[in-house]
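Working notes for the structure below.
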Amino acid sequence: MIDRKEIMDIVNDYDADNIKVGTVGSHSALDVFDGAVEEGFNTFAACKSGREKTYNQYFRAKRDSEGNVIRGIVDEASVYSRFDEILNSKNQQKLVDDNVLFVPNRSFTTYCGIENVENNFKVPLVGSRNLLRSEERGMDYDYYWILDKAGLPYPERVNKPEDIDELVMVKLPHAVKTLERGFFTAASYEEYLDKANNLLDRGIITQDALDNAVIEKYIIGPVFNFDMFYSPIEDEMNKLELLGIDWRFETSLDGHVRLPAPQQMTLSEHQMNPEYTVCGHNSSTLRESLLDKVFELSEKYVEATQKYYDPGIIGPFCLQTCIDKDLNFHIYDVAPRIGGGTNVHMSVGHSYGNTLWRKPMSTGRRVAFEIKRAIETDQLDKIVT
Ligand SMILES: Nc1ncnc2c1ncn2[C@@H]1O[C@H](COP(=O)(O)OP(=O)(O)O)[C@@H](O)[C@H]1O
Ligand SMILES: [Mg+2]
């Protein structure tokens, strides 16, 4: 792990009047750039060839002679043949020379590799570098471990397929669609074998992935992803904020649920198992009487990260939950960084963030606003790792 002190030294040498906000062009980058521009920063996108046009053409920024943005949000985009070229020392040096603060998202950690992010990317990250690994399901000290330490509710684990006696979710990676899910559900060991064999035969999952899959009880209820923010530099008001709530569109699950049951039953074998590939997001609110609980869960998560993952969570994080029929929360995933669904409040903000800040406040804008406050109070080193 790159020593935090080393990053603090780098950031202390930054020209605080010329900070740029950077991230990889993917995932939640548009929200980050929109927020950065709104708060008066220039932006930098690290793009992959073939996926760059969104950033360097369609959302490219145009500024007037005074530097005010007239259109768009991306000031500068570098296009690499692979995302992990950002790790090349000259590319990293350019970021440091340009006073870039880098906002880590899931694409960054997945495409660059968690080891590289931890050990080789010597650019200040806004957020907690050491926590990023906790979302690699199945690793030591992963988010389940943190939830356990914090006494937070997560779906009960089923240790071996033979023990399946009610609906479960089997979590494993997709064999072909790299970085996507090969998840499936089953209500008995027989069904597990049936589905697993079918998916193995069709090359959708591998035996190795299946052997290492996490099996957990399926929570029947709606999904709420809570886009939270923790500010280490806030000293008057609460350090923990709820900015927004989102949920996802997943293919092909969302297509399945729009078919009448008899039609679902006649789907062909290759259509029968829904996949869970995220392809969009929507926004939501939560029954008001449940909000207290969300804050309680989030406070516990923050506390546990501070205790076991010094310095603990910094900035945005996302608790992904299902709520059961008795209104209990079950946290099935935690993103210790900006969530993947925050574009849903890009530019317009979100009911909760706006209510708190009395202006449009998305996660991207909140990150930029945090940077601005840190600069103004000379505390940039407190929000980077
Ligand atoms: N225990 C569970 N019960 C019901 N649905 C679940 C459960 N775990 C995950 N899901 C569903 O699967 C989707 C992806 O799960 P998640 O654990 O977030 O995967 P990833 O780590 O790939 O983000 C969620 O959006 C949710 O709809
Ligand atoms: Mg998830």
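One-based numbering, in listed order, for ligands and for the atoms of each.
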With a 3.5 Å cut-off and sequence neighbours excluded, list the donor-acceptor pairs that the side chains of residues 33-51 form with protein atoms.
| from | atom 1 | to | atom 2 | distance (Å) |
| --- | --- | --- | --- | --- |
| Asp34 | OD2 | Ser347 | N | 3.1 |
| Glu39 | OE1 | Lys372 | NZ | 3.0 |
| Glu39 | OE2 | Arg365 | NE | 2.7 |
| Glu39 | OE2 | Arg365 | NH2 | 3.3 |
| Thr43 | OG1 | Ile73 | O | 2.5 |
| Thr43 | OG1 | Asp75 | N | 2.9 |
| Thr43 | OG1 | Asp75 | OD2 | 3.4 |
| Arg51 | NH1 | Tyr111 | OH | 3.4 |
| Arg51 | NH2 | Ser26 | OG | 2.9 |

With a 4.0 Å cut-off on N to O distance, would you call [X] and [Y] a salt bridge?
X	Y	result
Glu76	Lys94	yes
Glu303	Lys307	no
Arg133	Glu118	yes
Asp3	Lys5	no

message = If we only look closer than 2.8 Å, how many protein N, O or S atoms does the Mg ion (ligand 2) have near it?
response = 2
message = List the residues meeting salt bridge (Lys or Arg N to Asp or Glu O under 4.0 Å) with Asp163, not counting sequence neighbours, and say none if there are none.
response = Lys160
query = In a check of side-chain contact (heavy atoms from CB on, under 4.5 Å) between Ile331 and each of Leu147, Ile146, Ile219, which one passes?
reply = Leu147
ask   = Should the ring pair Trp145 and Tyr141 be called parallel, tilted or perpendicular, given that the plane angle runs from 0 to 90° and is split at 30 and 60?
value = perpendicular
Just the distances, no angles: every ligand 1 N or O to protein N or O pair closer than 3.5 Å, one line each.
| from | atom 1 | to | atom 2 | distance (Å) |
| --- | --- | --- | --- | --- |
| ligand 1 | 1 (N) | Glu216 | OE2 | 2.9 |
| ligand 1 | 1 (N) | Lys217 | O | 3.1 |
| ligand 1 | 3 (N) | Ile219 | N | 2.9 |
| ligand 1 | 8 (N) | Lys171 | NZ | 3.0 |
| ligand 1 | 8 (N) | Glu216 | OE2 | 3.3 |
| ligand 1 | 17 (O) | Arg137 | NH2 | 2.7 |
| ligand 1 | 17 (O) | Lys171 | NZ | 2.7 |
| ligand 1 | 18 (O) | Gln320 | OE1 | 3.0 |
| ligand 1 | 18 (O) | Asp333 | OD2 | 2.9 |
| ligand 1 | 19 (O) | Arg181 | NE | 3.0 |
| ligand 1 | 21 (O) | Arg137 | NH1 | 3.4 |
| ligand 1 | 21 (O) | Arg137 | NH2 | 2.7 |
| ligand 1 | 21 (O) | Asp333 | OD2 | 3.0 |
| ligand 1 | 22 (O) | Arg181 | NE | 2.4 |
| ligand 1 | 22 (O) | Arg181 | NH2 | 2.9 |
| ligand 1 | 23 (O) | Arg181 | NH2 | 2.8 |
| ligand 1 | 23 (O) | Asp333 | OD2 | 3.0 |
| ligand 1 | 25 (O) | Arg248 | NH1 | 3.4 |
| ligand 1 | 25 (O) | Glu250 | OE2 | 2.8 |
| ligand 1 | 25 (O) | Tyr332 | OH | 3.3 |

message = Would Lys359 and Phe369 count as a cation-pi pair here, with the cationic atom under 6.0 angstrom from the ring centre and within 45° of the axis?
response = yes
